[in-house]
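In what follows, chains are A, B, ... by sequence order, proteins preceding strands, each numbered from 1.
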Amino acid sequence: MGTDFLQYTITGLTVGVIYAMVAIGYNIIYNVTEIINFAQGEFVMLGGLFAAFFVGTLHLPVFLAFFAAVIATGCVGFAMERFVIRRARNAGVLSLIIITIAVSILLKGSAMLGYGKDPHCLPAFSTRGPIMIAGAVLQPQVLWIFGVSALVVIALSFFFHRSFYGKAMLACADNPIAARMVGIPVRQMVLLAFILSASIGAAAGVIITPISLMDYDRGAMLGLKGFGAAVLGGLGNFYGALLAGCVLGLAESYCAGYLSSGYKDAVALIFLLLALFFKPEGLFGSEAATLKKF
Amino acid sequence: MQEACCPELSSILEISDVQMHFGGIVALKGIRYAVPPGIIQALIGPNGAGKTTLFHCISGLIQPTFGHVLFEGRQIDGMLPHKIARLGISRTFQHVALFKSMTVLENIMLGRHPKTKSGFWATGLRLPAMRREERKILETARYHLDFVGLGDSANLPAGTLPLGKQRILEIARALATDPRLLLLDEPAGGLNIRETEVLGDLIQRIRACGVTVILVEHDMNLVMEIADRILVLHYGSQLASGTPMEIMDHPAVIEAYLGGG
Amino acid sequence: MRRLKKWWGAAGLLLLGILFHFAAPPFGWTVESPYRIGAVFSITGVGSFLGEPEKKTAEMIVEEVNQKGGINGHPIELIIYDDESDATKSNLAVKKLIKKDEVPVIIGPTRSGESLAVVSVAEEAHVPLISCAASYKIVTPIESRKWVFKVAGSDSHVAGKMYDYMKSKGIQKIGIMTDSTGFGASGREELLRLAPEYGITIAADERYGPQDTDLSAQLTKIRSVQPQAVVNWSIGPTQVLAVKNWRDLGMGYTPLFQSHGFGNRKNLELCGTAAEGVLLPLARVNVGALLADAQPQKKVIMEYTKSYEDRYKEPISSFGGHAWDSLHLAIAALKSVGPDRAKIRDFIEKTQKFVGQHGVFNFTPQDHNGLSKDDLEMVVVKNGDWALAP
Amino acid sequence: MNKKDRWAFVGMGLLIAVFPGVALNVKCISHYVDVMVFAGIFSLVSLGLCMLMGYAGQVSMAQAAFFGIGAYSSGILTSRLGWNPWMAMPAGAGVAALVAWIIGVPALRLKGHYLAMATLGFGVIVHIILGEEVKWTGGPSGMVDIPGLQIAGWKLTSEVAWYYMIWSVVFMALLFCLHVIYSRVGRGLRAIHEEEMAAESMGVPTACYKVQIFVFSAILSAIAGSFYTHYVTCLNPGSFNLMWSIRFVLMVMVGGTQSLWGAILGAVLLTFAGNEWLQIFSDFEILVYGAMLLCAALFLPGGLASLVPKVIGVFRNSLTHLCKR
């Protein structure tokens with residue numbers, strides 16, 4: 001029993017961290033634009049597939065492929081903002097929802113045509129064999145996942161609290177009109193937000209691919225669960241997302257282990273609905289006023 | 001700090017110690033006031049004094065943090081706005097909130113909402129009762145249209161009217177709910193002198209129909225001309241209240257409006 | 001004025017487009033009285049990895065037959081529609097084949113869901129339909145499946161073959177894991193149903209979604225009941241995940257059985273060395289080269305493999321084999337009885353010892369499938385390739 | 001109903017009535033009647049969704065789920081419990097209405113993006129349940145041999161009969177919706193869409209109306225689902241997944257959110273596009289879908305229906321030009 005529990009915990013935390021990364025992506029865009037980007041999950045998918053392409057076809061070393069994939073997906077984020085979102089800046093909420101959904105369909109379709117429908121794999125970052133902890137198996141890649149996401153979180157913290165651009169982005173989030181008046185280029189900030197969130201999504205995609213493979217169809221589900229984490233953690237709240245992502249991952253894993261594995265996917269969604277219905281400000285978000293702060 | 005309240009015993013609206021907090025900001029710091037029926041009550045004060053906040057509290061769009069609002073002796077704070085509308089309070093908005101793609105007539109017909117009752121299924125199935133009601137709605141709406149003098153633009157989309165007429169239309173829409181208390185939020189905002197005159201005239205005609213009017217307005221000429229009583233708010237508290245004459249000579253008001261300058 | 005012209009131009013184009021649409025396909029090139037065969041495959045959508053080789057195979061065969069002078073002098077006109085792995089579309093495609101194209105016989109659809117969605121259409125229109133999908137429901141109950149046949153072996157055959165093999169190795173207690181697609185669910189049903197017959201107990205019964213990124217939890221749970229073997233029955237990437245997680249959890253000592261869905265070389269590539277020792281029942285079409293020369297199917301399989309691989313420069317898949325079987329069955333029928341729907345049906349129902357890619361078919365009025373578990377071979381992964389299991 | 005709508009209603013009625021007569025006599029489009037049956041079924045869904053999106057201003061990504069609830073209720077009640085299909089249909093609608101109400105009351109307090117995500121999540125949950133409850137739904141392999149419809153003991157098998165039945169139901173639903181739109185409740189709905197706060201202050205019970213419309217759209221979807229079940233006579237969860245919800249939204253978007261006519265037009269166009277005209281795109285279809293959605297949202301927020309007055313205007317102008325000359 002103890003071993004199983006440990007194994008479920010490891011599994012849960014691994015996916016949980018990925019959900020958290022997706023959630024952080026949502027948060028960055030939401031903070032600056034109040035748009036919920038339905039294409040967020042596709043960034044993860046793209047990251048994984050790009051990396052598989054760089055390693056498999058161009059034979060780049062894995063680490064180089066990681067950065068190349070992140071940058072490439074960042075470019076996709078750039079294009080999405082520049083050519084689609086910017087055109088729709090006067091559109092209503094309904095249109096924006098449809099637009100981001102349309103973009104996600106386009107990304108998914110392009111990935112399907114470009115990479116085919118088969119799953120793609122990526123070698124693990126380190127070639128060491130699995131580590132045994134009290135009978136449970138810990139793959140070294142899991143440690144990489146934890147490490148990379150911790151790095152991302154710390155780097156983002158620094159970015160938002162120390163750097164000029166980060167502070168400017170927070171200002172845009174607070175009050176775009178005031179931000180524009182004091183000379184912050186709001187447009188650029190929105191652009192930056194899309195690039196950043198695409199890159200983070202891609203990073204999540206690359207680190208998970210060695211474990212779970214990646215195919216064109218993954219995006220929607222990852223996106224949905226990531227949104228669950230974002231809402232549960234309080235939309236816009238950064239550490240909340242991390243914590244909520246792990247909670248969701250664990251809940252899923254325990255559900256698969258102890259209850260019904262078939263309903264595993266439903267768990268995260270039920271959490272999402274409950275959070276939306278009864279505590280839309282999230283478990284860790286306090287009040288509307290602080291909702292948009294990291 | 002407080003003026004003596006309730007000069008008349010019978011009041012249509014009673015505001016008792018209403019406070020409104022937004023996070024750390026206190027927008028209303030305990031308002032006590034009573035409005036007697038059948039008058040034009042003006043509500044003045046500089047920007048940010050809490051006039052619109054008070055309107056929102058009365059019409060139910062926000063809930064006061066503390067205190068109560070009583071309409072004809074009945075507590076209405078905590079009620080949903082559409083319920084309050086049913087009781088007989090109607091309002092206009094500072095930034096004209098018309099349904100712009102609906103026609104002028106339809107806007108007013110919408111105002112009949114609280115006084116009619118056919119539901120979703122009845123309207124879909126076009127039951128006879130619903131048809132009768134619909135005819136009545138149309139009749140009443142036309143009456144109100146003529147009352148405010150917009151009869152000739154009945155079938156234009158509301159968004160195409162000039163601002164002056166939009167303000168008038170908003171009042172007509174509010175009147176269509178048959179209110180006993182009408183809240184007008186800066187009805188003269190953005191109007192020229194000619195339009196303001198027409199508006200003042202209209203408000204007085206509304207009072208003549210027995211509707212109590214509360215008016216938030218910056219145009220002092222209009223206020224002094226038509227208001228029966230004036231309440232001055234200043235940073236969320238009551239500064240003064242009384243007849244226009246009293247207010248004009250009130251030292252605190254002069255201080256706030258001129259001295260602070 | 002110029003804007004006006006633009007509008008007229010656009011309207012004209014639109015009109016032209018509509019006219020063209022009406023005029024184009026049905027009156028295309030036709031040689032003298034061709035025999036039409038209708039086909040519905042999942043060429044796109046989630047089932048495309050099945051439908052794509054089916055389409056390629058069918059096109060290849062038709063070309064070959066036509067080069068050799070067609071069927072009794074009549075060329076074949078193959079009309080293929082894509083159901084996009086969608087039941088509604090497959091339903092419409094079959095209706096279109098029946099009404100617009102008036103085909104005497106239909107092959108496909110590719111997958112069970114789509115096939116079940118057209119069974120009643122074929123029955124009502126009295127058109128013989130040879131499905132390429134596996135579900136036994138396609139041909140049972142036989143009273144209401146007079147016009148429907150299928151050439152894919154049933155899951156019960158696969159499960160039976162697996163259990164036969166386990167029995168011969170003395171395995172009695174197993175854990176199974178299936179995905180929540182139609183494929184996995186049907187496999188699970190058969191595994192559970194047949195287990196008592198072979199004296200096998202299923203100690204763990206796990207399920208997961210086709211999109212799952214990690215199966216450790218399910219495998220951990222199975223590991224905890226200490227089974228003698230693990231069966232994974234799924235389709236798509238989860239098959240690979242199952243192998244990887246099975247290795248990573250150090251369960252290599254417990255044999256892993258996969259379903260026939262694993263019979264694709266792509267899976268071997270993705271698994272790498274982790275797949276060594278994985279067991280699965282496969283149709284002979286996948287392992288043509290390993291068969292003894294005396295095996296009756298060896299010849300047709302090798303011929304098909306060669307011409308397909310020469311033509312498309314890609315390995316054959318077992319799904320293409322379904323298209324081969326169904327199309328050749330239809331051709332055989334057309335050859336003997338001509339384009340008459342009722343006669344074709346009767347012909348197929350009486351067909352015996354038809355040597356195909358997936359077995360030797362023996363149809364009877366009670367059995368519209370004609371295959372058995374003996375048409376499968378137990379295969380093991382050895383040195384990154386298939387080998388007949390010892 | 002105003003004059004324009006009345007004319008459109010009569011016009012469309014005639015068009016729909018004569019269509020099979022024409023189509024069945026032209027060989028290469030003889031199967032269009034079959035396509036139109038599905039188009040009619042989907043029109044019911046898009047009508048409901050149009051009321052919700054265009055008039056109540058709320059987006060639902062869960063219509064496929066309600067479609068599925070209706071379909072599966074019908075399937076289970078008739079094939080497992082032996083109910084009469086005509087009894088199963090309202091029962092299915094009732095179940096969908098109940099579920100919609102339970103979900104709607106909390107969900108419709110949410111706005112915009114949140115609501116979209118909530119309905120999306122709900123849709124996926126329903127899809128998972130349809131696949132998991134094997135005992136009732138047959139799981140991923142679905143159900144087969146569901147009885148067809150009978151009218152007065154006469155089994156409905158011919159496509160033309162189905163066609164007329166479905167389209168008369170669509171017309172009834174359309175009439176109902178039009179009546180609602182041009183009435184007290186409809187004005188309230190349009191008001192909510194434009195200025196929710198003002199509508200509420202004018203006595204429109206906004207929350208209640210939103211839930212009502214949501215429930216109504218669920219009922220229409222469920223009825224459509226029942227018809228679908230008895231028409232195809234088999235079910236599997238694949239027909240009720242997220243992609244279908246997106247397709248329904250697309251139908252409304254392409255047709256025009258603010259027009260019930262647009263919703264029907266969108267449903268018909270997209271059904272034909274998906275089954276007939278876009279076949280040549282094969283795998284590129286998904287891109288075409290995405291691009292259409294994007295273009296509709298970016299460049300044609302009013303949908304095709306918003307083009308109609310413009311086209312009429314152009315024709316009128318050109319006519320007067322010609323006359324002047």
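- For Met53(D), the parts lying under 4.5 angstrom from a heavy atom of chain A are both the backbone and the side chain.
- Residue contact with chain D, scored on non-hydrogen atoms closer than 4.5 Å, involves the backbone and the side chain of Ile270(A) alike.
- Heavy atoms closer than 4.5 Å to chain A are found in the side chain of Ile246(D), but not in its backbone.
- Contact record, Ala102(A) with Gly290(D): CB-O, 3.6 Å, taken as the closest heavy-atom pair.
- Heavy-atom minimum distance, Ile99(A) versus Ala297(D): CG1-CB, 3.4 Å.
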Q. Can you check side chain to side chain contact (heavy atoms under 4.5 Å, CB included) on Asp265(A) and Val124(D), steps first, answer last?
A. CA-CA 9 Å; Asp265(A) 278 338; Val124(D) 176; over 6 Å; no
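- If you take CD1 on Ile102(D) and CZ on Phe277(A), they are separated by 11.0 Å, rounding to the nearest 0.5 Å.
- Annotation: Tyr115(A), atom OH; neighbour count of heavy atoms from other residues, nucleotides and ligands within 6.0 Å is above 12.
- Rounding to the nearest 0.5 angstrom, the gap separating the CE atom in Met243(D) from the NZ atom in Lys108(A) is 6.5 Å.
- Leu224(A) touches chain D through its side chain: at least one heavy atom from C-beta onward sits under 4.5 Å away, while N, CA, C and O do not.
- Taking each heavy atom of Leu272(A) and Met117(D) in turn, the nearest pair found is CD2-O, 4.3 Å.
- The nearest pair of heavy atoms linking Ile128(D) to Ala266(A) is CD1-N, 3.6 Å.
- Around atom CZ of Arg87(A), no more than 12 heavy atoms belonging to other residues, nucleotides or ligands sit under 6.0 Å away.
- Most heavy-atom pairs under 4.5 Å with chain A, from the set Gly121(D), Ala296(D), Ala118(D): that is Ala118(D).
- For chain D, no part of Ser104(A) is nearby; none of its heavy atoms comes within less than 4.5 Å.
- For chain A, the option among Leu250(D), Leu120(D), Val249(D), Val105(D) with the highest count of heavy-atom pairs below 4.5 Å is Leu120(D).
- Atoms CG and CG, from Leu287(D) and Leu106(A) in turn, are 6.0 Å apart once rounded to the nearest 0.5 Å.
- Contact of Leu276(A) with chain D is made through backbone and side chain together, with heavy-atom distances under 4.5 Å.
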(Q) Phe122(D) vs Leu269(A), test: side chain to side chain contact (heavy atoms under 4.5 Å, CB included). Steps then yes/no. (A) CA-CA 7 Å; Phe122(D) 167 72; Leu269(A) 300 175; over 6 Å; no
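- The minimum heavy-atom distance between Val84(A) and Leu298(D), with the atom names listed, is O-CD2, 4.1 Å.
- Ranked by heavy-atom pairs under 4.5 Å with chain D, the first of Leu96(A), Ile98(A), Val103(A), Ile35(A) is Ile98(A).
- In this structure, the portion of Leu273(A) lying under 4.5 Å from any heavy atom of chain D is its side chain and not its backbone.
- Of all heavy-atom pairs spanning Ala116(D) and Ile97(A), the tightest one is CB-CD1, 3.8 Å.
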